Chemist: 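The following block contains the structure, expressed as structure tokens.
These numbers come from a predicted model, not from an experiment.
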Amino acid sequence: MNRYVKWLLLIAAVAPLLCMLLLYIFLPGVILDQAQRLGKKIGYQISIGTIDVNPLLLRLRLHDLRLASQSDKGVDQGEPLLKINQLDVDARFWPLLVGQLSIEKIELASPEILLSRRSDTELGTKTLWNWQKFITAFGQLNSVEHTEKKAQESSLSIV
């Protein structure tokens, strides 16, 4: 066999293994960082205990996922909205080859959702559900990002 063919076969065998190793090492840190950034943008704290990635099965497993409002001081967690002991997400392989993400299965273990209602003194006697503030903050985040993307797209010109 030609020397170049041997090198190409070696690269073809090692490259997927190297990509899986890099995903296994770096993806948990990226997910944790992005979750914390999203939480700061919307004024909530998102915490994840541990993150397991299995590149061979295309599985992501999050342990001890928590979503809580930030306390008034912003240091401690405030009112918890959501607790999930374990979240499993499985992706499909073939759509990834064309650059699409397709979820095959989402599995929740011991989910807890807190629904509460209280009257807001600033708004008089109007009562608010604890999820209303989260939905409003998340919706505003989407509209701001959409406006920024639209402004960036409209500023491009082809000469």
Chemist: Can you list the residues that meet the salt bridge (charged side-chain N to carboxylate O under 4.0 Å, His left out) rule with R92, with sequence neighbours excluded?
Modeler: none
Chemist: How far does CD1 of I25 sit from CG of L27, to the nearest 0.5 angstrom?
Modeler: 11.5 Å
Chemist: What residue pairs, at least two apart or across chains, pass salt bridge (charged side-chain N to carboxylate O under 4.0 Å, His left out) with a residue in residues 22-37?
Modeler: D33-R37
Chemist: Treat each ILVMFWY residue as a node, draw an edge where side-chain heavy atoms are under 4.5 Å apart, and state whether V30 and I46 are in one component.
Modeler: no
Chemist: List for me each residue that meets side-chain contact (heavy atoms from CB on, under 4.5 Å) alongside I103, sequence neighbours excluded, and say none if there are none.
Modeler: V89, L101, I106
Chemist: Excluding sequence neighbours, so at least two apart, what forms salt bridge (charged side-chain N to carboxylate O under 4.0 Å, His left out) with E112?
Modeler: none
Chemist: Between I11 and L21, is there shared hydrophobic-cluster membership here, with clusters defined by ILVMFWY side-chain heavy atoms closer than 4.5 Å?
Modeler: no
Chemist: So, taking the atom named CG in L65 and the one named CD in Q86, what distance separates them when rounded to the nearest 0.5 Å?
Modeler: 11.5 Å
Chemist: With ring-ring contact (aromatic ring centres under 6.0 Å, His included) as the rule and sequence neighbours excluded, what pairs involving residues 35-70 come up?
Modeler: Y44-F134
Chemist: From L67 CG over to I84 CD1, what is the distance, rounded to the nearest 0.5 angstrom?
Modeler: 9.0 Å
Chemist: Does a side-chain heavy-atom distance below 4.5 Å link F26 with V53?
Modeler: no
Chemist: Side chains of L81 and L114: closer than 4.5 Å at any heavy-atom pair?
Modeler: no
Chemist: Could you measure the distance from the OG atom of S47 to the CG atom of L32? Nearest 0.5 Å is fine.
Modeler: 9.0 Å
Chemist: So how far is it from L115 CG to L82 CG, rounded to the nearest 0.5 Å?
Modeler: 10.5 Å
Chemist: Please find the pair of heavy atoms, one from P80 and one from A68, that lie closest to each other, and give the distance.
Modeler: CA-CB, 3.9 Å
Chemist: Same cluster for L10 and V5 if Ile/Leu/Val/Met/Phe/Trp/Tyr side chains link at under 4.5 Å?
Modeler: no
Chemist: Indicate yes or no: at least one non-hydrogen side-chain atom of R59 is less than 4.5 angstrom from one of K105.
Modeler: yes
Chemist: Considering residues at least two apart in sequence or located in another chain, which fulfil the salt bridge (charged side-chain N to carboxylate O under 4.0 Å, His left out) criterion with D88?
Modeler: R61
Chemist: Are side-chain heavy atoms of L57 and D90 found at a separation under 4.5 Å?
Modeler: no
